[in-house]
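Below is one structure; the comments refer to it alone.
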Amino acid sequence: MTDKPEKIAELEKYGAGAVVLKSIFEEEITMEYEHMLKDEAPGRYKDDYLDYFDYRIKEVNLENYLSLIINARKKVKIPVIASINCNTSHEWTYFAKRIEEAGADALELNIFILPSIIAQSADNVENTYLGIIQAVRNQVKIPIAVKMSYYFSNLAGMIAQLSRTNIAGLVLFNRSYSPDIDIERMEVTSTNVFSSPRDLSISLRWIAIMANRVKCDLAASTGVHDGSAVIKQLLAGATAVQLVSALYENGMEYLETMIRELSEWMTYKNYEKIDQFRGLLSQEKQVNPALFERIQFMKYFSDRDKNIVR
Ligand SMILES: Cc1cc2nc3c(=O)[nH]c(=O)nc-3n(C[C@H](O)[C@H](O)[C@H](O)COP(=O)(O)O)c2cc1C
């Protein structure tokens, strides 16, 4: 949906406030960096070290990505946010500078580290995030958003710490490809490429808990499938709301429907501006802040038990 300037213009036409481009991957960038090193220091790499054709493909991808930014910037007025999928702070970070030079309005870093290595400490994962942000911060002046996962031992502490790294926004949260098992073919497969409306609650809880407790904007992501989900995230305190699956499932024009649902609700509730209701139901403003922290089903089961005829 974001690989051509024409499509981005269409998203703008239907009311998108900004567009985050599809990500370019750290691995693709690293390849180019190695290529540069090779040119600068001939002989340092053995000829057979790298597959030349693979190189060419990846270089073309990189150039295409920069052209996409340049051409999208010419075609639309809304902010064009580039995106890098990364999990180390190594050589690739110089590419952030090229993204800035190409005219991107901001850069989103999609950092997803699945904490699956038993020997890896929580500190190590946290420092990787901080290292990536610092390395990119040193390269560019444009605003940086960090799209993070919720796999942290102290999630609230980590969100607060990340928000103090001079970034402009945090996106709560990224959503990974989910594994499944095909019991007929006895194979590991993937499932649910698209989210469902039920996936909304994880980000809703954490937007509500962290709203007004961080030093940057909070963008809600995952499970936003209709206007009411947008309203919920704004009531929880989100500064921005991102969506993808809903547009794949319903077409880009569905943005207009969602925006209409938001406007109709605002008219019905007598709100003229989003800021009049943003964060009204954040944990900070709640009469009972425990509502966002309840994680056990105790109440559900005790209520249900009352109705059981013994
Ligand atoms: C087809 C498709 C392509 C995606 N490509 C990217 C990508 O390039 N970079 C990224 O950070 N997230 C990517 N995502 C993940 C989305 O940005 C988003 O985090 C996820 O889909 C949850 O949001 P949703 O519930 O609105 O779909 C992709 C999702 C889909 C469905």
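Whatever order the structure lists ligands and atoms in, that order sets their numbers, starting from 1.
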statement: For Ala211, the side-chain contact (heavy atoms from CB on, under 4.5 Å) test, sequence neighbours excluded, returns Ser282

field: Salt-bridge contact Lys7-Glu10 (side-chain N to carboxylate O under 4.0 Å)
entry: no

For ligand 1, list all ligand N or O to protein N or O distances below 3.5 Å, rounded to 0.1 Å.
residue  : atom   : partner : partner atom : Å
ligand 1 : 8 (O)  : Ser23   : N            : 2.8
ligand 1 : 8 (O)  : Ser23   : OG           : 3.4
ligand 1 : 9 (N)  : Ser23   : OG           : 2.5
ligand 1 : 11 (O) : Ser23   : OG           : 3.4
ligand 1 : 11 (O) : Asn110  : ND2          : 2.8
ligand 1 : 11 (O) : Lys147  : NZ           : 3.1
ligand 1 : 12 (N) : Lys147  : NZ           : 3.2
ligand 1 : 17 (O) : Lys147  : NZ           : 2.8
ligand 1 : 19 (O) : Lys147  : NZ           : 2.9
ligand 1 : 25 (O) : Ser195  : OG           : 2.5
ligand 1 : 25 (O) : Gly223  : N            : 2.8
ligand 1 : 26 (O) : Val244  : N            : 2.8
ligand 1 : 27 (O) : Ser245  : N            : 2.8
ligand 1 : 27 (O) : Ser245  : OG           : 2.5

message: Considering only residues two or more places apart or on different chains, which pairs with a residue in residues 114-141 satisfy salt bridge (charged side-chain N to carboxylate O under 4.0 Å, His left out)?
response: none

field: Full working for side chain to side chain contact (heavy atoms under 4.5 Å, CB included) between Leu11 and Thr2
entry: CA-CA 9 Å; Leu11 286 163; Thr2 59; 4.2 Å; yes

task: Please step through side chain to side chain contact (heavy atoms under 4.5 Å, CB included) for the pair Leu218 and Trp206, ending with a clear verdict.
output: CA-CA 10 Å; Leu218 290 180; Trp206 288 98; over 6 Å; no

side-chain contact (heavy atoms from CB on, under 4.5 Å) partners of Tyr271, counting only residues at least two apart: Trp265, Met266, Lys269, Gln276, Phe277, Leu280

